[in-house]
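Reviewing the structure listed below.
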Number of protein chains: 2
Amino acid sequence: MTTDRPLRVLLADDEHLIRGALAALLALEEDLVVVAEAASGPEALAMARAHRPDVAVLDLQMPGADGVKVATALRAELPDCRTMIVTSHGRPGHLKRALAAGVRGFVPKTVSARRLAEIIRTVHAGNRYVDPELAADAISAGDSPLTAREAEVLELAADGAPVAEIAERASLSQGTVRNYLSSAASKIGAENRHTAVRLARERGWV
Amino acid sequence: MTTDRPLRVLLADDEHLIRGALAALLALEEDLVVVAEAASGPEALAMARAHRPDVAVLDLQMPGADGVKVATALRAELPDCRTMIVTSHGRPGHLKRALAAGVRGFVPKTVSARRLAEIIRTVHAGNRYVDPELAADAISAGDSPLTAREAEVLELAADGAPVAEIAERASLSQGTVRNYLSSAASKIGAENRHTAVRLARERGWV
DNA sequence: GGCCTGCCATGACGTTTGTCATGAGCAGTG
DNA sequence: CACTGCTCATGACAAACGTCATGGCAGGCC
């Protein structure tokens with residue numbers, strides 16, 4: 001384990017308080033150096049392009065583009081840059097999306113800074129790290145039983161829109177939309193589509 | 001401004017990463033000292049009883065009891081302890097609840113640590129501080145136009161329950177429930193009760 | 001090639017809604 | 001006291017919704 005070259009980190013979090021504090025704490029680690037900070041998704045991308053960090057630590061919820069979107073873009077633009085997600089609310093679905101996007105680390109904000117530094121090193125070494133508790137949640141939540149279209153229609157129904165509007169936005173007939181919503185709700189075990197939306201959200205299926 | 005006696009601060013946040021980082025940053029301020037940390041509502045209360053801080057900095061969302069509940073309890077038990085809320089997602093309703101509970105500071109986590117330290121001093125001096133943007137949101141959201149029963153029924157409708165169930169839980173007839181939901185939705189300006197629930201939540205009316 | 005599954009649609013049916021009119025009891029206010 | 005607003009209820013009607021049966025059409029698999 002040579003420490004000849006410091007590990008360059010990009011920090012992206014819209015909460016200034018946390019980002020600053022985090023940067024200060026990570027600076028205490030000998031082998032880590034925070035080369036850039038960002039407060040939004042697009043800014044994170046721009047910073048990554050400019051500074052080419054070894055590891056990008058991304059908050060899940062950021063204005064502009066969320067952590068997973070940023071990770072996807074980074075994977076395409078800077079394949080050498082490892083990405084990891086830090087989040088407050090670890091929903092199973094987020095974890096899945098993140099792993100699919102090539103994210104190599106997924107940790108809740110309940111870990112300590114020291115532990116985070118360790119995980120950053122782990123990720124940089126090419127390994128993966130997923131918080132055990134979040135992983136357990138994801139496994140217990142299981143895979144989505146919904147087909148692609150069911151999930152799509154359910155998502156459009158998320159804000160309480162009437163069937164007519166969903167049909168228009170999905171370019172489907174109203175009858176088809178009703179059928180999809182019906183089958184989605186029965187698969188999920190919900191009485192109606194609204195509770196179906198809620199449950200699907202909780203389980204990370206939308 | 002004499003610095004004879006340091007300002008004793010209690011820090012409560014369930015996210016270890018943030019709490020630790022925050023403690024480190026606040027420790028840099030000459031006149032502040034973090035005398036206790038807590039990761040949950042009940043723990044925050046216990047710590048406050050034990051250490052009697054001058055100012056309690058509380059996260060809004062914590063397991064056990066949220067920041068506002070803790071502030072309410074502190075107000076009763078330790079009237080000399082000023083309380084302030086720090087939050088990621090500043091909903092207008094939270095602000096109102098907080099102020100009603102006697103909280104003297106309400107800031108989003110997007111502020112810098114230095115700014116937070118200033119606000120802690122402001123609050124300790126007996127003044128109030130509310131983030132201007134959150135205040136503007138709260139004002140623009142206005143007061144709830146809903147009557148007590150309308151709000152109650154709307155809340156019961158929050159999880160997508162059918163009218164029959166709401167009627168039973170509220171001990172009302174189904175027709176009455178429909179009427180209340182209808183009037184609530186029209187007051188809010190929503191197409192149906194589900195969007196009404198969503199909007200009311202956003203504005204802090206439920 | 002058959003078979004299955006997912007995708008899309010239509011039509012029909014009964015149920016659940018949203019909406020409106022209407023009314024009665026009951027508080028608080030000018 | 002009259003007035004207003006909230007509460008609760010009923011009945012009725014149209015619209016929206018959930019469910020089912022049915023069918024065509026694509027793609028993957030034995």
Side-chain angles (χ1 to χ4, degrees), chain A residues 93 96-97 100 141-206, chain B residues 93 96-97 100 141-206:
Chain A
K96 278 181 201 164
R97 277 204 311 142
D143 269 344
S144 171
L146 304 177
T147 67
R149 285 300 180 292
E150 283 168 353
E152 182 191 339
V153 171
L154 199 58
E155 202 155 5
L156 288 172
D159 53 355
V163 170
E165 193 181 314
I166 300 171
E168 197 186 0
R169 289 213 277 169
S171 302
L172 292 174
S173 85
Q174 298 195 14
T176 305
V177 169
R178 285 207 297 262
N179 285 338
Y180 281 156
L181 288 175
S182 182
S183 68
S186 76
K187 279 179 181 174
I188 290 175
E191 289 286 320
N192 54 51
R193 60 186 158 138
H194 302 287
T195 61
V197 166
R198 197 167 48 82
L199 291 173
R201 267 206 203 295
E202 284 176 12
R203 296 173 199 175
W205 294 342
V206 292
Chain B
K96 278 182 201 165
R97 276 205 310 143
D143 269 345
S144 172
L146 304 177
T147 66
R149 284 300 179 290
E150 284 168 353
E152 181 190 340
V153 171
L154 199 59
E155 202 155 6
L156 287 172
D159 52 355
V163 171
E165 193 181 317
I166 301 171
E168 198 187 359
R169 289 213 276 168
S171 302
L172 291 176
S173 86
Q174 298 196 13
T176 304
V177 169
R178 284 207 300 258
N179 286 337
Y180 281 156
L181 287 175
S182 182
S183 69
S186 77
K187 277 180 182 175
I188 290 176
E191 290 286 320
N192 54 52
R193 60 181 154 146
H194 303 288
T195 61
V197 166
R198 197 167 48 81
L199 292 174
R201 267 203 205 298
E202 283 174 13
R203 297 174 198 174
W205 294 342
V206 293

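For clarity, every value in this text was computed on a predicted model and none was experimentally measured. Values below: all heavy atoms of this structure, side chains included; hydrogens, waters and symmetry mates excluded.
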Steps toward side-chain contact (heavy atoms from CB on, under 4.5 Å) verdict (B/Arg149, B/Asn179) = CA-CA 11 Å; B/Arg149 284 300 179 290; B/Asn179 286 337; over 6 Å; no
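The two residues B/Glu191 and B/Thr195 make their nearest non-hydrogen contact at N-OG1, 3.6 Å.
In the set C/dG6, C/dC8, C/dA9, C/dA9 carries the atom at the smallest distance from any side-chain atom of A/Ser173.
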Strictly under 3.5 Å: I want the nitrogen or oxygen pairs between protein and nucleotides 11-18 of chain D, one per line.
from   : atom 1 : to       : atom 2 : distance (Å)
D/dC17 : OP1    : A/Arg193 : NH2    : 2.6
D/dC17 : OP2    : A/Val163 : N      : 3.0
D/dC17 : O5'    : A/Arg193 : NH2    : 3.4
D/dG18 : N7     : A/Arg178 : NE     : 3.3

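Residue A/Leu146 contributes atom CG, which lies 18 Å from atom P of C/dT5 at whole-angstrom precision. Atom CD in B/Glu152 sits about 11 Å away from atom C1' in D/dT7, given to the nearest Å. Atom OH of A/Tyr180 is separated from atom C1' of D/dC20 by 16 Å (rounded to the nearest Å). When rounded to the nearest whole Å, the span between CD of B/Glu165 and P of C/dT15 equals 20 Å.
Each of A/Leu156, A/Leu154, A/Asn192, A/Thr176 was checked for a side chain to side chain contact (heavy atoms under 4.5 Å, CB included) with A/Leu181, and the lone residue meeting it is A/Leu154. With respect to A/Arg178, the side chain to side chain contact (heavy atoms under 4.5 Å, CB included) criterion is satisfied by exactly one of A/Ile166, A/Val153, A/Val163, A/Leu172: A/Val163.
The number of heavy-atom neighbours closer than 6.0 Å to CZ of A/Arg198, taken from other residues, nucleotides and ligands shown, is above 12.
Between A/Thr147 and the phosphate of C/dT5, there is no side-chain N or O to OP1/OP2 separation shorter than 4.0 Å.
Within 4.0 Å (heavy atoms only), B/Thr176 reaches at least one base atom of the nucleic acid.
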